[in-house]
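The next block holds one structure in the form of C-alpha cells; read it before the comments.
Nothing fancy with the numbering, it's 1 onward along the sequence. Just the heavy atoms: all of them, side chains too, but no hydrogens, waters or symmetry mates, feed the values below. All ligand and atom numbering here is 1-based and tracks the order in the structure.
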Amino acid sequence: MNGIHTFNSEFKISVLLYHQIGISPSDETNLNCFCKTTEFHNQMEFLSKSNEYEVISLASAIDLISTSKCIDRNYVVLTFDDGCESFYDIAYPMIKSFGFTATVYPITGFLGQNAIINSKVYNHLKVMSEVMIKELGENGVDFGAHTLNHLKLTEISDSEAEYQIINSKCNLENILGKQIKSFSYPHGIYNKKIIEIVKYAGFKNAVSCNSAYLTNNSSLFEIPRKYITFYDDLDSFIQKIK
Ligand SMILES: [Zn+2]
C-alpha cells in the first residue's frame with residue numbers, strides 16, 4: 001500500500017442508519033425503522049471484538065475521505081434518525097459501554113413529546129427532551145438537524161423548507177451551545193434545491209438514505225447510509241458492512 005490512494009476495494013466505510021431500538025416493536029412501528037435491543041447489542045459486541053472494524057465518528061469518516069488518507073481497515077459510523085427516547089434509554093448506554101460514538105438527528109419540533117407527522121400522532125415515537133440532548137451532548141454524542149416536523153421537503157414550498165431546515169439547526173445550537181454541521185433529510189427525500197437550502201443554512205454535510213459505502217467519490221451532501229432494521233440478524237448485519 002503506497003498511502004496515496006484512499007480507497008482500494010478491500011476496505012470500506014459504512015455509515016449505518018438506526019431509528020428506534022427496543023425489545024419488541026408496536027403494531028404501528030415501521031419495521032425498517034426498528035432494531036431489537038438484543039440484535040443491537042450483538043452488533044455492537046461484534047464491532048468491539050472484531051479487529052477488522054473500527055467505529056468512528058461521522059466527522060472522522062468525512063476527514064478520512066476528504067484528506068485522501070490511506071485506510072487500512074473497515075470503518076463503521078453509527079447514526080440515529082429522529083432522536084427517539086430509546087436512544088437515550090437503550091442505545092446510548094450500550095454505545096458508551098463499548099466506547100463508541102454516534103451522531104443523532106432529533107426532530108426538534110417534538111422534543112420531549114410524541115412525534116406528530118402529517119397530523120398522525122406516533123405514540124411509539126417519543127423524541128428526546130432538551131435536557132436529554134444537552135446531557136448526551138456533554139458526554140460526547142454528536143447531533144445533527146432533521147427539521148422541525150419531519151415533512152417531505154420536496155413537497156413543501158421552498159420558504160417552508162428553509163424555515164424547517166434553518167430552525168432545526170438553531171434549536172440544537174441553542175441547546176448545545178455549538179455549531180451544528182450535519183443535516184439528515186427526513187424520509188431520505190431531497191432534490192438539488194433542497195441541497196442548496198441545506199448548504200445556504202450553513203451545514204457542512206448531509207446524510208441520505210441512499211444505500212452505499214462512503215468513498216472519496218461520495219458527495220458530502222448526499223452521504224450514503226445503510227439501514228439496519230428489524231429483519232437484520234448478525235449475519236446480515238455483517239454482510240452490510242463487509
Ligand atoms: Zn426521520
Side-chain angles (χ1 to χ4, degrees), residues 14-22 25-26 28-36 40 58 77-92 95 102-130 132-133 136 141-156 160-172 175-176 180-191 194-195 197-198 201 203 205-212 221-232:
S14 302
V15 183
L16 303 184
L17 167 55
Y18 293 92
H19 293 79
Q20 297 171 64
I21 310 290
S26 73
E28 42 176 21
T29 303
N30 175 350
L31 295 179
N32 286 322
C33 298
F34 187 91
C35 177
K36 281 180 281 188
F40 184 71
L58 182 63
V77 176
L78 306 174
T79 71
F80 293 78
D81 274 11
D82 302 341
C84 311
E85 263 194 0
S86 65
F87 178 82
Y88 183 88
D89 292 333
I90 301 168
Y92 174 67
I95 286 170
T103 302
V104 182
Y105 298 89
I107 314 167
T108 61
F110 306 118
L111 298 182
Q113 53 181 292
N114 291 317
I116 305 167
I117 301 168
N118 295 327
S119 307
K120 182 179 186 305
V121 180
Y122 283 71
N123 291 315
H124 61 290
L125 204 177
K126 188 161 182 202
V127 181
M128 290 190 284
S129 67
E130 278 192 36
M132 290 172 181
I133 290 172
L136 294 175
V141 174
D142 285 328
F143 284 91
H146 196 40
T147 73
L148 301 175
N149 300 110
H150 210 275
L151 304 173
K152 291 176 180 168
L153 293 172
T154 55
E155 295 182 6
I156 57 179
E160 195 179 347
E162 214 172 288
Y163 179 83
Q164 288 278 331
I165 292 165
I166 291 173
N167 282 290
S168 60
K169 186 174 192 284
C170 292
N171 287 159
L172 290 171
I175 295 168
L176 295 162
I180 296 298
K181 296 180 178 172
S182 189
F183 182 78
S184 169
Y185 304 103
H187 310 277
I189 293 172
Y190 62 92
N191 58 22
I194 298 301
I195 292 176
I197 297 172
V198 169
F203 290 99
N205 64 75
V207 290
S208 72
C209 299
N210 306 332
S211 183
F221 286 85
E222 296 175 82
I223 292 175
R225 293 188 295 175
K226 298 179 176 189
Y227 266 90
I228 304 299
T229 77
F230 179 78
Y231 305 104
D232 285 310

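Residue pairs meeting the salt bridge (Lys or Arg N to Asp or Glu O under 4.0 Å) criterion with at least one member in residues 102-119, sequence neighbours excluded, do not occur.
Cation-pi geometry between Lys169 and Phe183 is not satisfied (NZ or CZ under 6.0 Å from the ring centre, within 45° of the ring normal).
The atom of His146 nearest to the Zn ion (ligand 1) is NE2, with the search restricted to N, O or S atoms. Restricting His150 to its N, O or S atoms, the one at the least distance from the Zn ion (ligand 1) is NE2.
Because the distance cut-off is set at 2.8 Å, Asp82 qualifies as a neighbour of the Zn ion (ligand 1) through one of its N, O or S atoms.
Aromatic ring pairs are classed by plane angle as parallel below 30°, tilted from 30° to 60° and perpendicular above 60°; the pair Tyr92 and Phe87 is tilted.
Each of Ile175, Leu136, Thr108 was compared with Phe143 under the side chain to side chain contact (heavy atoms under 4.5 Å, CB included) criterion, and only Leu136 meets it.
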